[in-house]
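See below for the structure under consideration.
All chains are named by letter (A, B, ...) in the order of the sequence lines, taking the proteins before the strands, and each is independently numbered beginning at 1.
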Amino acid sequence: MEEEAGEKPGLDWSAAPKDFQFYHMDLYDSEDRVQLFPEEHTRMRREVVQAEMTKEPRAAAKGRAQRDLQEEVDELAHLYRLEDDHELGDEFVGENTLRTGVSDYPPYVMKSRESAREQRDWRFGGEAAEAEDLSFGGWGSRGQCQDLREAYRYTRGRSSEEYECYVIPEEEDEEEAPDIFCVTCKTPIRACEKVLDEHKEHEVTPLDKALENAKDEIHKNMFKLEKQIIEMENFASHLEEVFITVEENFGRQEQNFESHYNEILEILAQKYEEKIQALGEKKKEKLEALYGQLVRCGENLETCKELMETIEEMCHEEKVDFIKNAVIMADRLGKFLKTKTDVELSAHPDFEDQTLDFSDVEQLMDSINTIPAPSAPVINPQAPNSATGSSVRVCWSLYSDDTVESYQLSYRPVRDGSPREDQAEFTMTVKETYCSVTNLVPNTQYEFWVTAQNRAGTSPASECAVYMTAPSPPILKIKEIRSCEEAALICWESGNLNPVDSYTVELTQAETPEASGVTESVVGIPTCESLVQLQPRQSYTIYVRALNLGGLSARSKPATVHTTGSYFHLNKDTCHPWLTISEDGFTIVRSERKTPAREQLPSYTRFTRCVAVMGNLIPVRGHHYWEVEVDECLDYTVGVAFEDVPKQEDLGANCHSWCMRHTFASSRHKYEFLHNKMTPDIRVTVAPKKIGVLLDYENSKLSFFNVDISQHLYTFTCQLHQFVHPCFSLGKPGCLKIHNGISMPEHMAFY
Amino acid sequence: MALKQISSNKCFGGLQKVFEHDSVELKCKMKFAIYLPPKAETAKCPALYWLSGLTCTEQNFISKSGYHQAASEHGLVVVAPDTSPRGCNIKGEDESWDFGTGAGFYVDATEEPWKTNYRMYSYVTQELPQLINASFPVDPQRMSVFGHSMGGHGALICALKNPGKYKSVSAFAPVCNPVLCNWGKKAFSGYLGSDQSKWKAYDATHLVKSYPGSQLDILIDQGKDDEFLSDGQLLPDNLIAACTEKKIPVVFRLQEGYDHSYYFIATFIADHIRHHAKYLNA
């Protein structure tokens, strides 16, 4: 059985591309898989069947069973068209075309073939011994099987996985007629056989259960196998890449060597020419000198001979003549002898020691493994979003012909107004064509340039490129964040001295069961303030980032916004001098002590007559609700007003404000709902301790409620052509407490 | 308890109907008007009872106040009974407009000859609600009451005498302190006898003083140019003072320039319907 499974890894490795292609569909469909096997494979299968049959003699009813089995096997084989070589041939056409696709790498393919053959040879040797033990790996004693499989896996590597996988379908093929499974014999049998014969005493399990166990096993192994296939595919493609790289690199190196050797040979030839020429010249010079000397020597000799002859002739002359001539001769002789006869060799015959200077050649020889000094690298412009507040990632490239050992990256900050030479310069050596430069100042420009080096020397510097660090994170003004049910107004400080390009607000819904945890971003905000739309009755965590050419800053410290009710702060700039606002910002106090009644100067922002303060409500035209806790006996005014309400007038005394005023005199409560100095005549029997104020822009309504008893007090219909803000005034010493962030009680929806 | 439909008119998607039935309490045929909002076709709706003023029948309110739109929007069934028994042939019942026919004052009379028929308090608080609950798609747990003038007095005493029975109460120009005004004195002495201590049981201002303090939000609108206000028939200040003392929540709105008519009612009817809807639909 497992021969077939074992055959799988044993398949010729040249078929690897085919396998890669078909793996996934094969995995779950063993029938199709079998069709892909080469012819050889079906032969193998038949052998196995025979091997299987050799075990049969142990059975009593061997003859019949054998026949049955043989028939079944033949039938199955026919069913699966295992014998149908034509179809297999068709399959292989595809395989061949695929193979041509990788034939660019003949060594690779050849090698694979070899190793595959080795593996298969090994398997042929080992399989006979193992066949019997492993034939029913999925059944019977699991522990034992597991051990065997482990051993098998160990010796055969990954292929054993595949073996486990493919062993099962074959088992199934054989199990059509049998309906129970004999655990002892590890064979499927027919129920009727159980009663008879040798299975009588044996343990049996229902075939279905056995099948299920086997299938579980298969699926587990198939999963492993699938993973392995993916790994192998990845590995193969990686190998291909490496292959190409090696080929390219070596090709380049060969070219390199060739050009270098040619260069050296040229130089040597040139040197030879030079030397030969120099030698020839030297020879000629020496020979000429010697020849000249020889000539002069001969001339001397002749003169001497002539003198000798003359003197001899004189000796034969008469005395008188002799004397006469002797004096002349003596002079002449004396003169002659005075002339130096040069017997020094004008040229030495020995060869001068000509030391051949090969130093330059040696240098060339040395440099044959390196390359000429690189040319200047090309520095890249800054990639968007590649910088942080303290670092930039600088990238550059080299000319492909250059070989570079390292780069020297230099930089200095760019500052307006001071010449670049004044700035400190930093240099670092890196091996890669990029470098993350750290410890920089946020939101600052730096200029970078780079040189390349190898053993042959240093390149010229690249052009300068200006990189910019990301900004510092902005600082959220948590105390100024306002919100309502639909939106929040977020404000922050830049946190950077230099301007930045824009800001990004990030918001995440806080941990609630239904929160998705998704972070939304509002980008491209030019100012230090943003109105972000939100969902009602949620909590959000908000961050701000600053953006410049270099990238995004880190997140600011978070702020939390709750979109329950409206949330505003009191605007201290509007606060009448007699009022103080508590530390939490929500209690307004007018103290008992009499402040000298000094007339305040009129002001545009600050209340000067009415002892009031204004809140900063978010500018959103929706619903806003807040509550004010009051003392029953306190004189107070609560309401809304336009920002430009005349600050020297009482609230409600003009067209810019709408408010509820309570006065308490001679134990009578008086409630007025003032706008433009007018109020309806309304009497309220229960003095509110907490006033609910509902501002509804959509319906142009401003309503007041007694919160504790859900009592509606009054509703203004007001034309709110611009945004209004809450305002609060105290007519007598006392205090008001503002409650923010409360959702509007349901009953108020009726107003 | 057989109901006889007198009329039915579609109005703001719902139906304004008038029925007649034989009243057990009043021992005569009585008509009442009922508005069924569109919502009543599919669900049980709260019922809001309107008590009319002197001389009125069930017709005045349904034809003059213009309440239908608000009732339709808020899904309220509005029931408007007549103001007194009719056709009982009691001597003197038609002699004056402020006593007898059209002036039942929402009391159960104890004096002859009125005590057999003039049981308007029981009629509007017991018999009619039972009839309505049994015959129409209303939620018996959610009912409120409001009225005008004498009906305002009726609404206030119904609510104050039955804490918790009505979710809310409101009134237009109610007779707040009948024991002290001429209408009240005439009616109470006629129906209840000369013992003024019995009258207090039907006087809102007095009832407030003994009200046990169940949550009740009272809305009262009063026209400032109402002749009966200046005439001393309505006396809202007495009620307000009592409510202030007993801390019973009242918002009393003195409306500049309005009189006692249905024009005044029509102006603020939507506020009142909303006031009741807030409690009935909570």
Side-chain angles (χ1 to χ4, degrees), chain A residues 623 625 630-633 660-694 696 699-717 743-751, chain B residues 46 70 73-76 156 167-170 176 204-205 208-209 211 213-226 229 236-258 267-268 270-282:
Chain A
H623 283 80
Y625 176 71
V630 297
D631 187 305
E632 286 169 74
C633 301
M660 168 179 171
R661 181 162 76 186
H662 170 250
T663 43
F664 185 69
S666 52
S667 67
R668 281 199 56 173
H669 297 279
K670 187 175 162 196
Y671 296 92
E672 292 168 290
F673 296 89
L674 285 159
H675 173 62
N676 202 15
K677 291 182 184 161
M678 311 245 273
T679 177
D681 189 342
I682 287 177
R683 276 172 246 172
V684 175
T685 56
V686 177
K689 292 184 181 119
K690 199 186 258 184
I691 297 162
V693 184
L694 175 63
D696 177 0
N699 297 305
S700 304
K701 295 269 169 79
L702 174 71
S703 303
F704 295 89
F705 298 87
N706 179 340
V707 173
D708 294 329
I709 56 170
S710 310
Q711 188 183 35
H712 172 246
L713 299 173
Y714 185 71
T715 296
F716 282 106
T717 300
S743 49
M744 180 183 83
E746 270 180 42
H747 68 83
M748 294 186 188
F750 288 96
Y751 296 95
Chain B
E73 282 169 6
H74 291 289
L76 301 182
L156 289 171
K167 298 284 177 196
S168 55
V169 58
S170 74
C176 293
T205 303
V208 160
K209 290 172 184 164
Y211 188 71
S214 168
Q215 164 73 49
L216 188 66
D217 186 1
I218 304 172
L219 171 64
I220 298 173
D221 269 310
Q222 173 65 59
K224 202 172 183 181
D225 290 355
D226 186 334
L229 177 67
D237 290 343
N238 296 355
L239 178 71
I240 291 163
C243 286
T244 306
E245 196 190 325
K246 292 293 290 180
K247 293 204 180 302
I248 291 173
V250 177
V251 169
F252 176 85
R253 313 193 296 188
L254 192 61
Q255 304 288 7
E256 184 82 36
Y258 289 95
T267 306
F268 301 105
D271 286 356
H272 286 247
I273 299 270
R274 178 166 53 217
H275 172 78
H276 293 290
K278 170 175 141 185
Y279 293 98
L280 291 172
N281 287 332

Worksheet item: So which part of B/Glu256 gets closer than 4.5 Å to some heavy atom of chain A, the side chain, the backbone, both or neither?
Response: neither
Fill in: Closest non-hydrogen atom pair, A/Ile709 against B/Tyr279
O-OH, 4.0 Å
Worksheet entry | Among the listed options B/Leu219, B/Ile220, B/Asp237, the residue most often paired with chain A at heavy-atom distances under 4.5 Å | B/Asp237
Worksheet entry | Neighbourhood of chain B inside residues 664-671 of chain A, taking heavy atoms under 4.5 Å as contact | none
Worksheet entry | chain A contacts, top residue of B/Cys243, B/Ala282, B/Ala241, B/Pro249 (heavy-atom pairs, under 4.5 Å) | B/Pro249
Discussion item. Taking side chain as everything from C-beta outward and backbone as N, CA, C, O, which of these in B/Ile240 sits under 4.5 Å from a heavy atom of chain A? Side chain, backbone, both or neither.
Written reply: both
Worksheet item: Distance from B/Asp271 atom CG to A/Tyr751 atom OH, nearest 0.5 Å?
Response: 8.0 Å
Response to the item:
Distance col, row A/His747:NE2 vs B/Asn281:CG, nearest 0.5 angstrom, shows 14.0 Å
Fill in: Positions in residues 679-687 of chain A that reach chain B, provided some heavy atom is under 4.5 Å away
A/Asp681, A/Ile682, A/Arg683, A/Val684, A/Thr685, A/Val686
Practice prompt. Mind checking the CD-NZ spacing from A/Glu746 to B/Lys278? Nearest 0.5 Å is all I need.
Written response: 12.5 Å
Discussion item. With a 6.0 Å cut-off (strictly less than), is the heavy-atom count around CD of B/Glu245, excluding the residue itself, greater than 12?
Written reply: no
Item to complete: Measure across B/Val251 and A/His712 and return the closest heavy-atom pair with its distance rounded to 0.1 Å.
Response: CG2-O, 3.3 Å
